[in-house]
Amino acid sequence: GLPEVPARPVAERRPSRQIQVGPVAVGGGAPVSVQSMTTTRTSDIGATLQQIAELTASGCQIVRVACPTQDDADALATIARKSQIPVIADIHFQPKYVFAAIEAGCAAVRVNPGNIKKFDDQVREIARAAKDHATPIRIGVNAGSLDRRLLEKYGRATPEALVESALWEASLFEEHDFRDIKISVKHNDPVVMIEAYRQLAAQCDYPLHLGVTEAGPAFQGTVKSAVAFGALLSQGIGDTIRVSLSAPPAEEVKVGIQILESLNLRQRRLEIVSCPSCGRAQVDVYKLADEVTAGLEGMEVPLRVAVMGCVVNGPGEAREADLGVASGNGKGQIFVKGEVVKTVPESKIVETLIEEAMKIAEQMEQDGAGS
Ligand code: SF4
């Protein structure tokens, strides 16, 4: 049951330049990173750092903070210094905050050229400041705030329009010999978004930040993001991801990590392989799966635990897993690496699984497989 060979990732990654967002490398073969954005007022330094700490604990690797006012800009230096993960300042409308964020030591700055007035005239200054501080820039194009000229040219935010906008802005930076760039072309429609990123990926070698904007409440947003990111990552496209949900940001991180694990772009941790249940089930599978999930929460080793409602698929699935249970007759057959190691009464299934999981985890850690 030990993972001797790392699982094969979904696809070979698209070759791209690499940038450094603080200590996190993005692009150029670096692991796909997961990011999120705080929902606090950035000027409320305590609350923002508190939320960043929660995000860090949930596995977030890069965090973005909004910067709509001077008070927010003034808070950036402290936040950037005290955050455990790199902080990106998110700038719309006001170019002066781009400079403030660079000065403040933010790990990167996201600019939305579509809504910064006379952005193109300021690229030279921005490029110079960013270069002086080795601060990468994300050119973040959004369908909802697309450059007027492109909106007029294309009539709406088509994939072509999003890509042209992004590459035009990148070309302005290139004129000043600045290439420390990553790009996003977000749209709320996964179909448009997927096409935009495909075109973008074919036309440049910048690392790409994936996102579906306004993806919606947790359920819808999770599905939209998983579908869109899955389509792109399965073609090797995407170097850092942000799941946007109308839900607490730590939820976004959980979803993002799960997407990467599902595609073998990240070592899977605990994975519960539970059956959907059916008319043959001899136990409440949902409840059992929930209890096992809760009991094993926080386990860092890549453990596959099969929870099966009956013995039809139990042994088969359990053989593929490190550990499993197949229920029947008020009892649970506990499998370890495909072998029935014991049969316990239903009431003891959860605790027995947890015990066995701990044993396997210990063994894995000794063997170094959990590192
Ligand atoms: Fe139904 Fe058994 Fe399959 Fe679960 S394992 S779905 S209960 S046949």
Side-chain angles (χ1 to χ4, degrees), residues 1-10 217-227 229-231 233-234 251 254-364 369-370:
L2 302 184
E4 286 99 19
V5 191
R8 193 169 78 169
V10 64
F219 176 73
Q220 183 187 298
T222 297
V223 174
K224 272 190 177 184
S225 300
V227 167
F229 296 2
L233 290 166
S234 70
E251 290 299 308
K254 260 168 68 179
V255 173
I257 290 174
Q258 192 75 52
I259 292 173
L260 296 183
E261 287 183 6
S262 302
L263 297 169
N264 285 348
L265 288 166
R266 182 179 281 222
Q267 170 75 64
R268 291 183 192 183
R269 295 161 307 165
L270 176 66
E271 189 181 356
I272 306 288
V273 185
S274 55
C275 83
S277 186
C278 75
R280 273 181 295 266
Q282 299 194 7
V283 68
D284 184 345
V285 177
Y286 303 167
K287 186 161 158 267
L288 188 57
D290 277 347
E291 286 172 359
V292 173
T293 306
L296 296 177
E297 210 196 313
M299 218 164 195
E300 287 296 324
V301 291
L303 199 63
R304 273 170 76 98
V305 182
V307 177
M308 310 310 265
C310 76
V311 291
V312 170
N313 285 325
E317 280 294 349
R319 242 191 304 280
E320 298 286 310
D322 299 299
L323 175 65
V325 61
S327 301
N329 264 338
K331 297 194 190 105
Q333 290 184 323
I334 307 290
F335 294 83
V336 174
K337 291 165 201 163
E339 303 292 330
V340 181
V341 292
K342 29 179 109 140
T343 301
V344 298
E346 208 175 297
S347 60
K348 297 266 189 240
I349 291 175
V350 176
E351 60 176 88
T352 311
L353 278 179
I354 293 171
E355 256 170 48
E356 293 296 329
M358 296 295 175
K359 277 194 219 160
I360 299 174
E362 243 167 64
Q363 187 63 43
M364 278 184 177

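Both counts, for ligands and for their atoms, begin at 1 and track the order of listing.
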Between E271 and R304 (salt bridge meaning N to carboxylate O under 4.0 Å), is one present in this structure?
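Looking at R304 together with E271, the answer is yes, because their closest N to O distance falls below 4.0 Å.
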Does the pair E251/K254 count as a salt bridge with the N-to-O cut at 4.0 Å?
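A salt bridge is present here (some side-chain N lies under 4.0 Å from a carboxylate O).
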Examine the proximity of ligand 1 to S277 and report which part, side chain or backbone, both or neither, has a heavy atom under 4.0 Å away.
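The part of S277 near ligand 1 is the backbone, not the side chain.
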Selection from C310, S274, C275 by shortest heavy-atom distance to atom 2 (Fe) of ligand 1
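Comparing heavy atoms across C310, S274, C275, the nearest one to atom 2 (Fe) of ligand 1 lies in C310.
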Kindly indicate whether the side chain of N264, heavy atoms from C-beta on, has any atom under 4.5 Å from the side chain of V10.
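They are not in side-chain contact.
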Heavy-atom contacts with [X] under 4.0 Å: which atoms of ligand 1 show up? List them by number with element.
| X | answer |
| --- | --- |
| G309 | 4 (Fe), 5 (S), 7 (S) |
| R280 | 8 (S) |
| A281 | 7 (S) |

Quick check: does any side chain N or O of Q333 sit under 3.5 Å from a backbone N or O of A326, one acting as donor and the other as acceptor?
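Here the side-chain-to-backbone pair does not exist.
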To the nearest 0.5 Å, what is the distance between CG (L296) and CG (L323)?
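Those atoms lie 8.0 Å apart.
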